[in-house]
There are 2 protein chains.
Amino acid sequence: MVRRTGRRPGNPDTREAILSAARSAFAEKGYDGASIRAIATGAGVDPALVHHYFGTKDKLFLATMNSPVDPVDLITEATAGDRDEIGVRFVRAFLAMWDGPRGSAAVALLRSVVGTEWTAKLFREFIITQILRRAVPRLGLDPAEAHLRITLAASHLAGLALARYVIKVEPLASSPSETLVAAVGPAVQRYLTGDLPGVFPA
Amino acid sequence: MVRRTGRRPGNPDTREAILSAARSAFAEKGYDGASIRAIATGAGVDPALVHHYFGTKDKLFLATMNSPVDPVDLITEATAGDRDEIGVRFVRAFLAMWDGPRGSAAVALLRSVVGTEWTAKLFREFIITQILRRAVPRLGLDPAEAHLRITLAASHLAGLALARYVIKVEPLASSPSETLVAAVGPAVQRYLTGDLPGVFPA
């Protein structure tokens, strides 16, 4: 890789130091408890430098997780159009992410998430702050039902990714993505907007 | 633990040696390619001792994986009764396994499966030989559709387990299991026995 001109040699290390301090802070104190100021102190840099490198706290957290996609982008894509087709568009956008250039980062993320209690805790923070808090309100669901609906849908999608991209189970692994969209889309749609007797009071 | 009388002190080591040799053989050669004879040679014991400790090759493989349950038992339980209720009974039996005394072994298995390519390969063998080959024929599905149907259902269940028991995402983690049976049962039922337009030719 060609080093960009005008950058001081110390900078890539600074970036890594910030990410490392952020990872510890988010895992120990949670998203809300970890301040940019404390992360900067942990990395031995000025807080302004954290903002310079990563922008918002949300963006820093996504970088810390090596997230291959911003969940808000996925949900924005899924909700742009007919509401009865959210499930199908959701699954399609999700599979496109895994099948695209960022797919290997997604595999690494899923592996690391499951690997230890520490990364599992980070991932819970990810789900709470990036998916439930930032992305879900855009779906326009009943707030009393939204979190269970979205975690049911997300758990199904996580299992699909696990089977198809990490464990690579056939025939799932080599099925055309549109076959899986047709199969899984209606299940996700039902979780998000369908009647769920026995789950929510009628 | 009290040592059983009449057992030679070397025996627990022998059992571990067989499991270790089996693990390597199954991962390298697959279930079919790994012979009991070769596993015995790898462990430096007589093949009869392998049968003495573990019974069948299937049972040895399940022990190698530390499988908390025999998939055949799960499917037998799910198929005992009304065919329209397979999905609900499947999810109920699956959650009971994770919520029961063998749940921590299941968490360890899922963590290890995702952790490395090596264990992922072992798990593919597990799915092919123990789930698809041994258990699925009992469901009485169209053989042309059975493998995609069961891997769709299994991927959903794996994701549910990942979210509820490994990552512990709320509100999934503390929802009553019967709430999840009501939510996920119909989705599993659809994968197993429902019409799936766009997936299979009408």
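So you know, we letter chains A, B, ... as the sequences are listed, proteins then strands, and number each from 1.
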Residues of residues 180-190 of chain A with a heavy atom under 4.5 Å from any heavy atom of chain B, in residue-number order, are A/Leu180, A/Ala182, A/Ala183, A/Val184, A/Pro186, A/Ala187, A/Arg190

Distance-minimising heavy-atom pair for B/Ala17 and B/Ala43: O-CB, 3.6 Å

Out of the candidates A/Ile36, A/Asp13, A/Val45, A/Thr64, only one should pair with A/Ile18 under the side chain to side chain contact (heavy atoms under 4.5 Å, CB included) rule; please name it. A/Val45

Distance col, row B/Trp98:CH2 vs B/Ser177:OG, nearest 0.5 angstrom, shows 14.5 Å

Tell me, do B/Phe90 and B/Leu192 make a side-chain contact under 4.5 Å, heavy atoms counted? yes

What part of A/Pro197 gets closer than 4.5 Å to chain B, counting heavy atoms only: side chain, backbone, both or neither? backbone

Could you check which of B/Leu172, B/Thr179, B/Val166, B/Leu157 has the highest count of heavy-atom pairs closer than 4.5 Å to chain A? B/Leu172

In the structure I gave you, are the side-chain heavy atoms of B/Asp70 and B/Lys59 within less than 4.5 Å of one another anywhere? yes

Is the distance between the ring centroids of A/Phe94 and A/His156 under 6.0 Å? no

State which residues pass salt bridge (Lys or Arg N to Asp or Glu O under 4.0 Å) with A/Glu85; sequence neighbours excluded, sorted by chain then number. none

Does some side-chain heavy atom of B/Tyr53 sit less than 4.5 Å from a side-chain heavy atom of B/Thr14? yes

Pick one of side chain, backbone, both or neither for A/Phe200, based on which atoms fall under 4.5 Å of a heavy atom in chain B. neither

Give the minimum heavy-atom separation between B/Ser104 and B/Pro101, together with the two atoms involved. OG-O, 4.2 Å

Residue part contacting chain B, namely of A/Leu162, when any heavy atom lies under 4.5 Å: side chain

Among residues 141-153 of chain B, which residues come closer than 4.5 Å to chain A, judged by heavy atom distances? B/His147, B/Leu148, B/Thr151, B/Leu152

In Å, rounded to the nearest 0.5 Å, how long is the span from OH of A/Tyr191 to OG of A/Ser155? 6.5 Å

Once you round to the nearest 0.5 Å, how far does CZ of A/Arg37 lie from CG of A/Asp46? 8.0 Å

So, the side chain of A/Lys57 versus the backbone of A/Ala34: is there a donor-acceptor pair under 3.5 Å, distance only? yes

Write out, in numerical order, the residues from residues 19-33 of chain A with a heavy atom short of 4.5 Å from a heavy atom in chain B. none

Thinking salt bridges, do A/Arg92 and A/Glu178 make one under a 4.0 Å N-O criterion? yes

Does atom CG of B/Asp82 have more than 12 heavy-atom neighbours from other groups under 6.0 Å away? yes

Where do A/Arg164 and A/Asp99 land on the salt bridge (charged side-chain N to carboxylate O under 4.0 Å, His left out) test, with the steps shown first? CA-CA 10 Å; A/Arg164 179 172 163 90; A/Asp99 287 328; 3.6 Å; yes

